[in-house]
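Data block below; observations after.
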2 protein chains.
Amino acid sequence: MSSKKTDTRTRILTATWHLMEQRRGQGVSMSDIAKAAGISRQALYLHFDSRTELMIATVHYVDEVKGLNERLEKFQEAKSGIDLLDICVDVWGNHIPEIYGLARALLNTRDTDEATAAAWNSCMGCLHDVCHKIIEALGEEKILAAKWSRSEATEMLYTMISIQNWQQLTMESGWSTAQYISRMKVLLRRTFVDE
Amino acid sequence: MSSKKTDTRTRILTATWHLMEQRRGQGVSMSDIAKAAGISRQALYLHFDSRTELMIATVHYVDEVKGLNERLEKFQEAKSGIDLLDICVDVWGNHIPEIYGLARALLNTRDTDEATAAAWNSCMGCLHDVCHKIIEALGEEKILAAKWSRSEATEMLYTMISIQNWQQLTMESGWSTAQYISRMKVLLRRTFVDE
DNA sequence: ATCTTAACTTTACACTATGTCAATTGACAC
DNA sequence: GTGTCAATTGACATAGTGTAAAGTTAAGAT
């Protein structure tokens, strides 16, 4: 049932992904992608209407392959709000490096492109939900730091674990992934948990 | 002593700045700037070699006009590390909205443009210094939270007060400037200060 | 064996944006 | 007047995205 068209589509998606990671999301043109996929630039438009559509499809493809959703199932194991917080930072902190280039490409164009912004927000929605769950759990356990309303805490948590902050700390300040995870856990626990 | 050339240069810089703030740093072409400054597109290149150079010059111009440096002199009044931290969030939190569009434009191009990245880092250097001073002060007063090394704390503080985080909390989550400042102070104090 | 169709190719073009170049105009100084 | 500076106009080069048209190749149906 795997038609030629489906094969090529997959080849394009993997090529896009690999190029994005290789070049950290910068300087990847449609020509580059076509060359990497072994087809002509114009043939790309037989599969995807626009660059934006290709980017979004690649995000979904990577999500599927890497299975962030399955990774987040680790959450079922969590026994407390603090557990949830730690697992979230572990899973997400190890996930970011694998999608960094693609994420950069999307973040850079989302300002000018409405569709990209929408796709990005929908992808990030699941992370936002996770943040919400964590704060709710801390709230129910009565250990959410008193100075935070639940909605404010959710937004702040979501902001703290953003890809931009990961980039700043690892790419610019030179932290390792382990260091990022460890320090971020400290920051989040001190910020949101009264112990 | 104000030659015609100097006048035009200033006119270009103010036009660039205003356009950037109006359009939040997006979709501002050299043609747009020329039109707003009342000159031809080509004449821009008599004053600035490239778009990048114009952007950087505009940043310096805004810095001069808005006087971030003078604002940071408020720091002389600070009597403690905690004072420093609060003043920093106040000053910076009120400064960001005035440079947001321009900052966006620079952040978007710094990945592809080495000169932009360098200019940006040099501008942000003073903020990084401030972060360093704050952490040193907290360290000397023995109230820097034990889990942080001074260099790690500096990087983390610098990351927390980034423009990207301001954007996420205000533009995307809808917080007011006052709310941003208040919540950020809470986060930073809880994170870095042992009381 | 022939016809059809899907997938892809090549070539060409339109559009936008940055940046360069040459010839020209207008104003002002000496 | 002559020279010079500031700016103008128009033409052009380049890079990237996206569109359109005509031709090729190979698999499948009849």
Side-chain angles (χ1 to χ4, degrees), chain A residues 1-16 19-20 23-58 101-102 104-106 108-117 119, chain B residues 1-16 19-20 23-58 101-102 104-106 108-117 119:
Chain A
M1 193 49 224
S2 79
S3 71
K4 194 169 178 185
K5 186 154 187 175
T6 307
D7 285 352
T8 305
R9 191 186 152 92
T10 306
R11 219 164 63 237
I12 294 170
L13 291 171
T14 56
T16 305
L19 271 182
M20 283 297 170
R23 306 195 191 166
R24 303 234 161 99
Q26 298 304 318
V28 179
S29 70
M30 294 295 268
S31 300
D32 295 335
I33 294 168
K35 208 176 293 173
I39 58 172
S40 68
R41 183 177 73 88
Q42 286 70 4
L44 284 181
Y45 292 95
L46 298 173
H47 298 270
F48 304 94
D49 282 351
S50 66
R51 183 190 169 86
T52 296
E53 203 188 291
L54 171 55
M55 291 305 138
I56 293 170
T58 306
L102 190 54
R104 286 296 297 264
L106 281 154
N108 280 343
T109 50
R110 92 181 148 144
D111 305 307
T112 50
D113 190 290
E114 192 51 49
T116 303
Chain B
M1 194 49 225
S2 80
S3 70
K4 194 169 179 186
K5 184 154 188 177
T6 306
D7 286 352
T8 306
R9 193 188 150 92
T10 307
R11 217 163 64 236
I12 294 170
L13 290 171
T14 55
T16 305
L19 272 181
M20 284 297 168
R23 306 195 192 166
R24 301 234 163 100
Q26 298 303 318
V28 179
S29 70
M30 295 295 268
S31 300
D32 296 334
I33 294 169
K35 210 176 293 171
I39 60 172
S40 69
R41 184 178 72 87
Q42 288 75 356
L44 284 181
Y45 292 95
L46 297 174
H47 298 270
F48 305 94
D49 283 350
S50 65
R51 182 189 171 85
T52 296
E53 202 187 292
L54 171 55
M55 291 305 137
I56 293 169
T58 307
L102 191 54
R104 285 298 296 263
L106 281 155
N108 280 343
T109 51
R110 93 183 147 141
D111 304 308
T112 50
D113 190 289
E114 192 50 49
T116 304

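Computed from heavy atoms alone, side chains included, the values below leave out hydrogens, waters and symmetry copies. Below, chains carry the letters A, B, ... as their sequence lines are ordered, and counting in each starts from 1.
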_Residue pairs passing the salt bridge (Lys or Arg N to Asp or Glu O under 4.0 Å) test where at least one lies in residues 31-45 of chain A, sequence neighbours excluded_ = A:Arg23-A:Asp32
Atom pair distance, as rounded to whole Å: [atom1] in [X] and [atom2] in [N]:
{"X": "B:Asp113", "N": "D:dA15", "atom1": "CG", "atom2": "P", "answer": "17 Å"}
{"X": "A:Arg11", "N": "C:dA7", "atom1": "CZ", "atom2": "P", "answer": "13 Å"}
{"X": "A:Glu53", "N": "D:dT17", "atom1": "CD", "atom2": "C1'", "answer": "14 Å"}
{"X": "A:Leu44", "N": "C:dT10", "atom1": "CG", "atom2": "P", "answer": "13 Å"}
{"X": "B:Leu46", "N": "D:dT4", "atom1": "CG", "atom2": "C1'", "answer": "14 Å"}

*Can you name the residues that form a side chain to side chain donor-acceptor pair (under 3.5 Å) with B:Asn108, not counting sequence neighbours?*
A:Asp111
*side chain to side chain donor-acceptor pair (under 3.5 Å) partners for A:Thr116, two or more places apart*: A:Asp113
*So which heavy atom on A:Arg24 is nearest to which on A:Arg104, and how close?*
O-CB, 3.9 Å
*Which pair of heavy atoms, one from A:Asp49 and one from A:Glu53, lies closest together, and at what distance?*
CB-OE1, 3.2 Å
*Taking five pairs at each end, how big is the angle between the two axes of the helix from C:dA1-D:dT30 to C:dC30-D:dG1, to 10°?*
20°
*Return the set of residues passing salt bridge (charged side-chain N to carboxylate O under 4.0 Å, His left out) with B:Arg51 (not counting sequence neighbours), or none when no residue passes.*
none
*side-chain contact (heavy atoms from CB on, under 4.5 Å) with B:Ala36: which residues, sequence neighbours excluded?*
B:Ala15, B:Leu19
*Mark up nucleotides 17-24 of chain C, 5' to 3', with B wherever a protein heavy atom is under 4.0 angstrom from a base atom, S wherever such an atom reaches only the sugar-phosphate, and - elsewhere.*
-BBBB---
*From the options A:Leu13, A:Leu46, A:Ile39, select the one residue that forms a side-chain contact (heavy atoms from CB on, under 4.5 Å) with A:Thr8.*
A:Ile39
*asked:* If the cut-off is 4.0 Å, is A:His47 near the phosphate of C:dC8, judged by side-chain N/O to OP1 or OP2?
replied: yes
